[in-house]
Amino acid sequence: MTVRIAPSVLNADLGRLREQIAEAEAGGAEWIHVDVMDGHFVPNLSYGAPVLRALRRITDLPLDVHLMVERPEQYIEEFAAAGAAHFTFHPEATTHVQRHLAAVRERGMRAGLALNPATPPNILLEVAGDVDLVLVMTVNPGFGGQSYLPAATAKIGRVRAMMTDWNIEASLEVDGGITTATIAEAHAAGADSFVVGTAVFGQSDPAEAIRALKRACLTRV
């Protein structure tokens with residue numbers, strides 16, 4: 001199964017952003033993950049389109065944007081123009097989920113749906129033809145550096161089985177507490193894409209950290 005690493009700039013040193021992104025690229029990162037938080041949907045604030053535009057100038061890697069905000073639909077146009085490749089939002093944050101997934105695709109981005117730890121995955125069956133990416137949160141969102149929730153592994157497996165049964169051709173991404181000690185478990189359960197924060201940008205050699213994460217996926221659980 002494919003292994004994609006998406007280092008999260010939430011944990012990067014913004015004063016060394018160009019250097020840190022170059023280190024991620026050297027290690028074989030496939031995507032750059034950007035967390036957008038509004039202080040309402042989750043209890044934290046981060047950044048928005050200006051950071052996306054800055055990243056677009058320094059990397060050609062796809063920008064994997066995760067919106068933890070209320071009314072994410074109001075950002076579709078702006079983030080598409082800023083260079084986002086993926087636009088992932090939470091179904092609890094808006095009303096017309098299918099409409100907004102379609103709007104994301106119409107602007108040339110991959111449409112993603114994020115599932116919080118307590119969010120049932122059955123909503124995927126209602127929008128099976130509208131999603132390009134499913135993001136399973138393996139922590140409660142809002143802050144970096146949290147520990148992987150043990151119950152998340154079984155949920156990843158349920159989501160993968162559902163995607164297979166319903167022919168949902170989408171990436172299955174996980175976010176939260178991913179380290180060399182947890183990535184093999186999540187990968188074995190069916191995840192193919194991994195958001196990683198401190199386990200990449202919190203290390204002295206981010207490039208080698210990414211290579212180590214990929215090697216860890218070969219470990220039997």
Side-chain angles (χ1 to χ4, degrees), residues 2-38 41-42 44-69 71-90 93-94 100-115 130-137 141-142 144 170-176 178 191-202 206-207 209-210 213-214:
T2 299
V3 177
R4 303 183 192 90
I5 303 296
S8 172
V9 295
L10 185 66
N11 300 95
D13 180 349
L14 296 183
R16 300 173 50 241
L17 189 58
R18 183 184 295 273
E19 178 184 346
Q20 295 228 294
I21 295 300
E23 291 171 339
E25 291 178 339
E30 282 77 15
W31 302 340
I32 297 297
H33 189 79
V34 184
D35 289 302
V36 178
M37 298 179 278
D38 63 0
F41 186 72
V42 293
N44 199 2
L45 286 167
S46 63
Y47 29 66
V51 169
L52 262 69
R53 288 192 288 269
L55 287 165
R56 188 71 294 153
R57 290 193 294 270
I58 63 177
T59 183
D60 292 327
L61 292 179
L63 300 181
D64 178 40
V65 182
H66 174 201
L67 287 91
M68 292 166 275
V69 303
R71 297 181 59 216
E73 63 274 15
Q74 64 187 320
Y75 300 103
I76 294 174
E77 293 280 1
E78 183 181 16
F79 281 24
H86 310 157
F87 187 102
T88 298
F89 61 91
H90 291 254
T94 189
H100 303 322
L101 289 169
V104 169
R105 283 178 161 183
E106 288 169 4
R107 273 66 174 189
M109 297 179 288
R110 297 181 76 208
L113 204 61
L115 305 176
D130 301 293
V131 293
D132 304 300
L133 185 151
V134 179
L135 175 59
V136 175
M137 293 302 301
S171 303
L172 177 48
E173 187 174 32
V174 296
D175 183 356
I178 297 299
D192 53 54
S193 306
F194 304 88
V195 178
V196 188
T198 54
V200 169
F201 288 131
I210 291 172
L213 287 159
K214 292 189 175 186

- Can you list the residues that meet the ring pair (Phe, Tyr, Trp, His ring centres under 6.0 Å) rule with His90, with sequence neighbours excluded? Phe41, His66
- Task: Start with the C-alpha distance between Arg71 and Val69, add both sets of side-chain angles, then the distance that settles side-chain contact (heavy atoms from CB on, under 4.5 Å), and finish with yes or no.
- Result: CA-CA 6 Å; Arg71 297 181 59 216; Val69 303; over 6 Å; no
- Could you go step by step and tell me if Val51 and Val36 meet the side-chain contact (heavy atoms from CB on, under 4.5 Å) rule? CA-CA 10 Å; Val51 169; Val36 178; over 6 Å; no
- Message: I need the minimum non-hydrogen distance between Val9 and Leu14, along with the two atoms involved.
- Response: O-CD2, 4.2 Å
- Message: Checking Arg16 now: which residues fulfil salt bridge (charged side-chain N to carboxylate O under 4.0 Å, His left out) with it, not counting sequence neighbours?
- Response: Glu19, Glu23
- Quick one: CG on Leu17 to CG on Leu55, what's the gap to the nearest 0.5 Å? 5.0 Å
- Residues in salt bridge (charged side-chain N to carboxylate O under 4.0 Å, His left out) with Asp192, at least two apart? Arg4, Arg160
- Message: If the condition is salt bridge (charged side-chain N to carboxylate O under 4.0 Å, His left out), which residues does Glu77 pass it with, not counting sequence neighbours?
- Response: Arg107
- Message: Using 0.5 Å steps for rounding, measure from the CD1 atom of Ile21 to the CZ atom of Phe201.
- Response: 4.5 Å
- Closest approach of Ala85 and Pro62, non-hydrogen atoms and distance? CB-CB, 3.8 Å
- Message: Could you work out, with side chain to side chain donor-acceptor pair (under 3.5 Å) as the rule, every residue matching Glu73, not counting sequence neighbours?
- Response: Thr94
- Message: The criterion is side chain to side chain donor-acceptor pair (under 3.5 Å); which residues satisfy it with Arg105, sequence neighbours excluded?
- Response: Asp132
- Message: I need the Ile210 CD1 to Glu30 CD distance, nearest 0.5 Å.
- Response: 8.5 Å
- Query: Between Gln20 (side chain) and Asp13 (backbone), is there a donor-acceptor pair under 3.5 Å?
  - Reply: yes
- Item | Ala199 to Ala209 - nearest heavy-atom pair and separation | O-CB, 3.3 Å
- Note on the structure: The reported gap from CH2 in Trp31 to CG in Leu63 (rounded to nearest 0.5 angstrom) is 12.0 Å
- Polar side-chain atom of Tyr47 near backbone of Leu10 as donor-acceptor pair, under 3.5 Å: yes
- Of all residues at least two apart in sequence or in a different chain, which pass the side chain to side chain contact (heavy atoms under 4.5 Å, CB included) check with Arg53? Ala49, Pro50, Arg57, Ala82
- Roughly how far, to the nearest 0.5 Å, is the CD1 atom of Ile76 from the CE atom of Met109? 6.0 Å
- Partners passing side chain to side chain contact (heavy atoms under 4.5 Å, CB included) against Val3 (at least two apart in sequence or in another chain): Ile5, His187, Phe194, Lys214, Cys217
- Task: Identify the heavy atoms of Leu52 and Ala84 that sit nearest to each other, and give their distance.
- Result: CD2-CB, 3.8 Å
- Task: Show your working on side-chain contact (heavy atoms from CB on, under 4.5 Å) between Ile178 and Val195 and close with a plain yes or no.
- Result: CA-CA 7 Å; Ile178 297 299; Val195 178; over 6 Å; no
- Note on the structure: Taking every heavy atom of Asp64 against every heavy atom of His86, the minimum-distance pair comes out as OD1-ND1, 2.9 Å
- Item | Inter-residue atom distance Thr59.OG1 - Ile32.CD1, 0.5 Å rounding | 5.5 Å
- Note on the structure: Smallest heavy-atom separation, Leu133 atom then Glu173 atom, equals CD2-OE1, 3.4 Å
- Query: Can you name the ring pair (Phe, Tyr, Trp, His ring centres under 6.0 Å) partners of Phe79, sequence neighbours left out?
  - Reply: Tyr75
- Message: Do Val136 and Val174 make a side-chain contact, defined as non-hydrogen atoms from C-beta onward lying under 4.5 Å apart?
- Response: yes
